[in-house]
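Encoded as structure tokens, the structure appears first; notes follow it.
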Amino acid sequence: MSNVVTRIAPSPTGDMHIGTARTALFNWLYARGRNGKFLLRIEDTDKNRSTDAAQDAILDGMKWLGLDFDGEPISQSKRAPRHVEIANKLLETGKAYKCFLTETEINDLRNLAINNKSPSAFRSPWRNALPSTFPKKPFVIRIKAPENGFTVIKDEVQGDIVIKNSQLDDMILLRSDGSPVYMLAVAVDDHDMGVTHIIRGDDHLNNAARQNLIYSALNWAIPVYAHIPLIHGEDGKKLSKRNAATSVIEYKKMGYPAAAMRNYLARLGWSHGDDEFFTDEQAKTWFNLQSIGKSPSRFDFKKLSNISKLHIANTDNAALLHELTGYLKAMGQPAFSQAQLNSLLKSLDFTKNAVKSFSELIEKNRFILQERPISLEPDIEERIKDLPLNVLKILTPQLQNVRWERNYLEELLNLVCEQIELKFRDVAPILRAALAGSSKTPSVFDMMIVLGRVETIGRLIEFEDTYKN
RNA sequence: GGCCCGUUCGUCUAUCGGUUAGGACGCCAGGUUUUCAACCUGGAAAGACGAGUUCGAUUCUCGUACGGGCUGCCA
């Protein structure tokens, strides 16, 4: 086992975001490809916004995406005592101080600084106050940021980022109610969990400097940073509910295989030469921090669909059936019957090659999932009247004796077409409507083979009876 | 306002000073065809802008523009 430890640290404040999923994937790939550990920490220090439902959504999302983490999820809020302990330690060693400013006083100070165009970050007047002057009022604990010099963030993606210490504010470590703030909790938890590589969104790039302050004050080793660009919507704006599906559960419901999501998401912002379609194993061995792009990338459903199509076509039938069953369950639909499963196993051979999602796959297999009487899809109903229904009268009796193999069926159909002087392309729509009630079906012959003689003839007769007019 | 980051075909990207700037998705055209598709062949399509360094810049430096982030007793 290597010493690599990564983590995903989402805050449970809603559905699991697709951006969180990609960050999780990168961390997972990095750790799993290096025999390291991948941990999950729930950042629930904001009690007002954190919910159990959101936490479950994260767990569900991780499970669906197949991103297994080591050990149990860690709750950040449960570690509050340790955060307080560290804050007090910082206080004792003079690396932090008590600040008695009220919120309105802080706002006034801040506005003043803005009006004066002050180039420096916030500093409290209590920064160097003597304990003898302390009032009997609630206080927060602030870190004492250095006045001079600069902090360098060595980032594997962004390069060396230099930030002047005068730009770093004396951020709050402990709120006036004694509860720890995110910035402190992150640093302490990452250290305590032994996280060696922090791969996260680049909205945290500036925060890294603040967190380094804490690491330095405690003499802790600074982890390797990799700040990855955020995902944008198709309109180039930050991903939001207005321009994209933001939660992973939506992608699950759209019927994209988890493997395709992993493939697509990995390729979004990271590359391995010209490789577009790859397996988890390849991704694990190929993934590296150096090949992560620096600019945000737009989410492209067309490309996702293409990757999804490739994955579905390359999945073996048994596994596909298993996933399809899970999809049905997720959609709250009844499970397949044993008969349907048996037919599906056969039809997957020719239906899985041209669909881009599980929902399309199911549509393709409508001829199996429907039972007599076959209901027609709306658009078919209108076209029925223009079709040469008499072909059924000639065809159906002959199906009784033909050998039930594809080439014999084709031969027979061609013969019948000659008889009635029509092209097969003209009669095919009738057969599709009769067999599947749809125009989006697999090959007529493939359907006949899977359905079998009895069911095929049954459907044709029923169709003729219903629509002969 | 201050600070930080980014910018190659419509989109995702390759290129680590010298290439006809490559691939993929999508798009267009043609072919095949048993529908929707799938499949095959071909095509159009890019270095934000301006300086500089250099024999030579997409690549290095600076500036501008545009986009993004941080600047909370949110995470």
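Numbered from 1 within each chain, the chains take letters A, B, ... in sequence-line order. Scope of the values below: all heavy atoms of this structure, side chains included, with no hydrogens, waters or symmetry mates.
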message = Tell me which nucleotide, if any, is Watson-Crick or G-U wobble paired with G52(B) when both distances must be under 3.5 Å.
response = C60(B)
ask   = Within 45° of the six-membered ring axis of F122(A) and under 6.0 Å from that ring's centre, is NZ or CZ of R110(A) located there?
value = yes
ask   = Are the charged groups of K78(A) and D44(A) less than 4.0 angstrom apart, N to O?
value = no
message = What's the gap between C9(B) and C28(B) when it is taken at their C1' atoms, as a whole Å value?
response = 15 Å
request  = Can you spot which of K144(A), R142(A), K98(A), R123(A) makes a salt bridge (Lys or Arg N to Asp or Glu O under 4.0 Å) with D170(A)?
outcome  = R123(A)
Table of protein N/O atoms under 3.5 Å from nucleotides 38-49 of chain B N/O atoms:
none

NZ/NE/NH1/NH2 to OD/OE distance under 4.0 Å, D190(A) and R41(A) = yes
key: Donor/acceptor link under 3.5 angstrom from K364(A) side chain onto base of C36(B)   = yes
remark   = Separation of A37(B) atom C1' from D446(A) atom CG, nearest Å, is 14 Å
ask   = Is D274(A) side chain donor-acceptor paired with the G22(B) base, going by distance under 3.5 Å alone?
value = yes
message = Between N306(A) (side chain only) and K302(A) (backbone N and O only), is there a donor and an acceptor less than 3.5 Å apart?
response = no
ask   = How is T45(A) classified with respect to the nucleic acid when contacts are heavy atoms under 4.0 Å: base, sugar-phosphate, or nothing?
value = sugar-phosphate
inquiry  = Using a heavy-atom cut-off of 4.0 Å across all strands, would you classify P138(A) as base, sugar-phosphate, or nothing?
reply    = nothing
inquiry  = Given C4(B), G6(B), U71(B), identify the nucleotide with an atom nearest to the side chain of N206(A).
reply    = C4(B)
ask   = Going by distance alone, is a donor N or O of one side chain under 3.5 Å from an acceptor N or O of the other, for S305(A) and Y256(A)?
value = yes
query = Does any donor atom in the side chain of D189(A) or H83(A) lie under 3.5 Å from an acceptor atom in the other side chain?
reply = yes
query = Within the modelled atom types, does a donor on one side and an acceptor on the other bring the side chain of S297(A) and the base of C12(B) under 3.5 Å apart?
reply = no
ask   = Between atom CD1 in I153(A) and atom C1' in G69(B), what is the gap in whole Å?
value = 12 Å
ask   = Rounding to a whole Å, what distance do you find between D170(A):CG and U71(B):C1'?
value = 14 Å
inquiry  = Under 4.0 Å, heavy atom to any atom of RNA chain B: which of residues 410-429 of chain A qualify?
reply    = F424(A), R425(A)
inquiry  = Strictly by Watson-Crick or wobble contacts shorter than 3.5 Å, is anything paired with U11(B), and which nucleotide is it?
reply    = A24(B)
inquiry  = Distance check, C1' atoms only: A21(B) and G30(B), in whole angstrom units.
reply    = 28 Å
note = Which of C4(B), C12(B), G6(B) is nearest the side chain of R267(A)? It is C12(B)
remark   = Rounded to whole Å, CG of D202(A) lies from P of C4(B) at a distance of 15 Å
ask   = Going by distance alone, is a donor N or O of one side chain under 3.5 Å from an acceptor N or O of the other, for K352(A) and N317(A)?
value = yes
message = At 4.0 Å (heavy atoms only), tell me whether E276(A) reaches a base, stays on the sugar-phosphate, or touches nothing.
response = base
task = Would you mind reading off the distance between N263(A) atom CG and C12(B) atom P, rounded to a whole angstrom?
result = 17 Å
ask   = Contact class for S295(A) vs. all strands (heavy atom < 4.0 Å): base, sugar-phosphate, or nothing?
value = sugar-phosphate
task = Under 4.0 Å between any heavy atoms, over every strand shown, what does L101(A) touch: base, sugar-phosphate, or nothing? Just pick one.
result = base
message = Between U41(B) and C25(B), how many Å separate the two P atoms, rounded to a whole number?
response = 12 Å
request  = Describe the nucleic acid contact of E103(A) in one word from base, sugar-phosphate, nothing, applying a heavy-atom distance below 4.0 Å.
outcome  = base
request  = For M171(A), report the nucleic acid contact type (base, sugar-phosphate, nothing); a contact means any heavy atom under 4.0 Å.
outcome  = nothing
task = Using the closest heavy atom to pick a nucleotide of RNA chain B for each, name whichever of H232(A) or D44(A) lands nearer the 5' end.
result = H232(A)
ask   = Under 4.0 angstrom, heavy atoms only, what part of the nucleic acid is L268(A) near: base, sugar-phosphate, or nothing?
value = sugar-phosphate
task = Have a look at S443(A) and say if it touches a base, only the backbone sugar-phosphate, or nothing, with a 4.0 Å heavy-atom cut-off.
result = base
key: T104(A) versus N107(A), side-chain donor and acceptor atoms under 3.5 Å   = no
NZ/K440(A): more than 12 non-hydrogen atoms of other groups inside 6.0 Å = no
ask   = Where the side chain of L205(A) is defined as all heavy atoms beyond and including C-beta, which of C5(B), G69(B), G6(B) is the nearest nucleotide?
value = C5(B)
Candidate nucleotides C5(B), A75(B), G26(B), ranked by approach to the side chain of N306(A) - the nearest = G26(B)
query = What distance, rounded to whole Å, do you find between the two C1' atoms, one in U11(B) and one in G72(B)?
reply = 36 Å
Residue D169(A), side-chain heavy atoms: nucleotide from C70(B), C5(B), U71(B) that is nearest = U71(B)
inquiry  = Applying a 4.0 Å non-hydrogen cut-off, can you work out what H204(A) is touching in the nucleic acid: base, sugar-phosphate, or nothing?
reply    = base
query = In whole angstrom, what separates N165(A)'s CG from C4(B)'s C1'?
reply = 14 Å
inquiry  = Quick check: on RNA chain B, is the nucleotide nearest K302(A) upstream (toward 5') of the one nearest D46(A), or the reverse? Name the residue that is more 5'.
reply    = K302(A)
ask   = Rounding to the closest angstrom, what is the interatomic distance between A65(B) and G23(B) at atom P?
value = 37 Å
ask   = Where the side chain of Q167(A) is defined as all heavy atoms beyond and including C-beta, which of C12(B), A75(B), C3(B) is the nearest nucleotide?
value = C3(B)
request  = Taking D155(A) for its side chain and H227(A) for its backbone only, find out whether a donor-acceptor pair lies under 3.5 Å.
outcome  = yes
query = Roughly how far apart, to the nearest Å, are U7(B) and C12(B) at atom P?
reply = 12 Å
Nearest-angstrom distance, C1' atom, U59(B) to U8(B) = 11 Å
request  = Would you indicate what R432(A) reaches in the nucleic acid, counting non-hydrogen atoms under 4.0 angstrom: base, sugar-phosphate, or nothing?
outcome  = base
query = For R210(A), which contact category applies under a 4.0 Å heavy-atom criterion: base, sugar-phosphate, or nothing?
reply = sugar-phosphate
query = What nucleic acid atoms does N207(A) come within less than 4.0 Å of, heavy atoms only: base, sugar-phosphate, or nothing?
reply = base
task = Verify, without hydrogens or angle tests, whether N165(A) (side chain) and E147(A) (backbone) share a donor-acceptor contact under 3.5 angstrom.
result = no
query = Closest to the K303(A) side chain: U13(B), C12(B), C4(B)?
reply = C12(B)
inquiry  = What's G269(A) touching, base or sugar-phosphate or nothing? Going by heavy atoms closer than 4.0 Å.
reply    = sugar-phosphate
ask   = Are the side chain of T20(A) and the backbone N or O of M16(A) linked by a donor-acceptor pair below 3.5 Å?
value = no
